[in-house]
2 protein chains.
Amino acid sequence: MATILDIARLSGVSKSTVSRVINNHPHVSEDSRKRVMKAIEELSFVRNARGVHLRIKSTNTIGVTIPVLDHPYFSPLVSKIAEKCRKAGYKIVIFQTYYSIDEEYEIYEKLTENELDAVIITHTLLSEEEIKQRVGDKIVMVCNEPLQTGCLDVFSLNESEAVYSATRYLLKEGRNYLLFCADEERTPLQQQRWEGFVQAHLDLNKTCTIQQKISGYSTIEEGIILGDEIFLDKSNYDGILAGSDFLAVGLLTSAKKHGVSVPKELSIIGFDNHPICLTTFPALSSIQNQTEMMVNDLVTCLLDRLGQKKFSTIRRVYKGELIIRGT
Amino acid sequence: MATILDIARLSGVSKSTVSRVINNHPHVSEDSRKRVMKAIEELSFVRNARGVHLRIKSTNTIGVTIPVLDHPYFSPLVSKIAEKCRKAGYKIVIFQTYYSIDEEYEIYEKLTENELDAVIITHTLLSEEEIKQRVGDKIVMVCNEPLQTGCLDVFSLNESEAVYSATRYLLKEGRNYLLFCADEERTPLQQQRWEGFVQAHLDLNKTCTIQQKISGYSTIEEGIILGDEIFLDKSNYDGILAGSDFLAVGLLTSAKKHGVSVPKELSIIGFDNHPICLTTFPALSSIQNQTEMMVNDLVTCLLDRLGQKKFSTIRRVYKGELIIRGT
DNA sequence: CTGAAAGCGCTAACAT
DNA sequence: ATGTTAGCGCTTTCAG
């Protein structure tokens, strides 16, 4: 592996000049430049990023977390974030956390150890305070997870309101015994959703117990499995709030199999308004959120932070919209 | 930001000893260790990875490419790869290529510039030779893309055979005019699939023209759009080989909408055997591949390469299986 | 068990 | 326009 020193020697100039050429600095004679380029070619030199990073104290890289790569909601979300950051000239790398605290720790470590210039987290099992304490004055931005202590910049959706309106809708439609399905119940997001669910019941003078909540299901397969359990003994649920559209589709598939008629006997509402909603019969009702705007604002804010602008932490919440289709 | 020098000074030892403590080296007195730990605590020191990387000439990081994050086939695939590598003690980072050659170049650059110890590519628009020429003796492994010139280690699926058997099946069932849908037709993978399609026709003495091939569709939405075009003017296709299950589901949705009866008038076969196959009515026929085994073998091989073992390039192909359901 | 010293590859004042 | 020099933060011989 040739280094700039090798290039310098071969082309008869100094390291500095080589560096100038590599980085397209002005004030290099055409002659020197040519000789350097030739040497680079000959030795097939490539810059060693490790040296650069140490020297310039930056890696121009932003980390983005995702619970698991293969996720119908988070994949498109992170994809959007990534695209925006790239356009702003940053390299972006994606980390899976597997809903694990230890994985999260590792990412914050990468940040504090300077492998990353900033990280964007799309979900977390930690409190804002703990994150803040771990990363100090390094930049971390929260996307999608509704944290609210103001330690970090957070851009999130109004989860409780979305669920509230969906729940209220179902109850007003005459549904009496609803099931609430959470994905990973430990996150603040899921807690907010549950609160919306409970609040809607309260406001309409309906009772609602913790029995109506079930956690840990999110995929199509899991929806089918869960449905097979629920519908086998002819449950008395007449409405389900699924934590994701995929889960909802799995439930719907199972309901059909067990002869439960949707929406006659059972109503189902999904989450995220994924295109899959259009493929079922009847088409799946769902909740759509303004993720696009959320991502735009977040990245704008991030760039300001990276540009050393000073301002107090930002917290912005985006509204959801209930989309009623056939289920 | 405190450095080991600060720690050394505060604890009254040398940089070397601090380094030994940080890295859990033996031969450090209990006393020194304690003083160093105390200083680390006091100054809330964290190691700067940039210095480490430069010094140890490694980042312990493996890059994995994915065309786009939000992809029903690649997401689970990359997820599996990532998990295996992590278990082997490597950090892994994921890069989106957006089916763009320039993005690919950037990743190879990261490899040659030593930001990465190895990269695994799950698809490519380049030839093996060009990749090899760009990365030299750095490690790049190919997963899923059926390259065959032997410059690199490649682990791939037998795409042509899978499509061949599906096509043959449809033709034998009496279907006469099939449509072949490719995702991104420039890749070798898609070319192999097309070859399988053509070969099956040849072997059964059927004609087949380039008109029967269509490219650039892969999502549910695109399936619906494509279906809306095809079924509007009552096409005479009586069978479709969709490049992915999601595309197939979109097509199926559109077919229903236009009153095209499946499987009576039209047969559809998807690809990848995603759980979504179970959610349609009739359930979607598809092609299942041995991705699990492919990933295992690939990572094993990668670890050998990283462990400096010498052996000539490996090329392994895994068989697919046609799964006939209702469509 | 510990410290001194060299050096990984690069950039950027500063001087000329 | 170019070279000299210092140094980013760390690990690792080598000597003691």
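The structure presented is a predicted model; accordingly, all values stated were derived computationally and were not measured. Sequence lines set the chain letters: A, B, ... in the order given, protein chains first and strands last, and positions in each chain run from 1.
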Distance-only polar pair, side chains of B:Glu104 and B:Tyr108, donor-acceptor under 3.5 Å: yes
B:Ser32 side chain near C:dT2 phosphate (N/O to OP1/OP2, under 4.0 Å): yes
Whether over 12 other heavy atoms sit under 6.0 Å from A:Gln133 CD: no
Among D:dA1, D:dC8, C:dT11, the one nearest A:Lys57 by side-chain distance: D:dC8
Interatomic distance where CG belongs to B:Leu5 and P belongs to D:dC8 [whole Å]: 9 Å
Side chain to side chain contact (heavy atoms under 4.5 Å, CB included) between B:Leu152 and B:Ile131, intermediate numbers included: CA-CA 9 Å; B:Leu152 303 170; B:Ile131 298 172; 4.0 Å; yes
Rounded interatomic separation in angstrom, taking CZ from B:Arg55 and C1' from D:dG7: 16 Å
Nearest-Å distance for atom pair CD1/P, residues B:Ile4 and D:dG9: 10 Å
Phosphate OP1/OP2 of D:dC8 contacted by B:Asn48 side-chain N/O (<4.0 Å): no
Rounded distance (Å) that lies between atom C1' of C:dA12 and atom CG of A:Leu54: 14 Å
Aromatic A:Phe311 / basic A:Arg305 pairing, under 6.0 angstrom, 45° off normal: yes
Nearest listed nucleotide, side chain of B:Arg20, among C:dT11, C:dG7, D:dT13: D:dT13
Touch class at under 4.0 angstrom, heavy-atom based, for A:Thr3 against every strand present: sugar-phosphate
Sugar-phosphate, base or nothing in reach of B:Ser16, heavy atoms under 4.0 Å: base
Protein-nucleotide distance (A:His53, atom NE2; D:dC10, atom C1'), rounded to Å: 16 Å
Under-4.0 Å side-chain N/O to phosphate OP1/OP2 contact, B:Thr17 with C:dG3: yes
Spacing between B:Leu43 atom CG and D:dG9 atom P, to the nearest angstrom: 14 Å
Comparing A:Arg47 and B:Ser14 on DNA chain C - which has the more 5′ nearest nucleotide: B:Ser14
Interatomic distance where CD belongs to A:Glu113 and C1' belongs to D:dC10 [whole Å]: 12 Å
Stepwise side chain to side chain donor-acceptor pair (under 3.5 Å) check, B:His123 with B:Thr97: CA-CA 9 Å; B:His123 77 113; B:Thr97 63; 2.6 Å; yes
Distance in angstrom units between B:Arg33 CZ and C:dT2 P, rounded: 10 Å
Residue whose closest nucleotide on DNA chain C lies nearer the 5' end, B:Gly12 versus B:Ile56: B:Gly12
Proximity to the side chain of B:Lys15 - top-ranked nucleotide from D:dG7, D:dT13, C:dA6: C:dA6
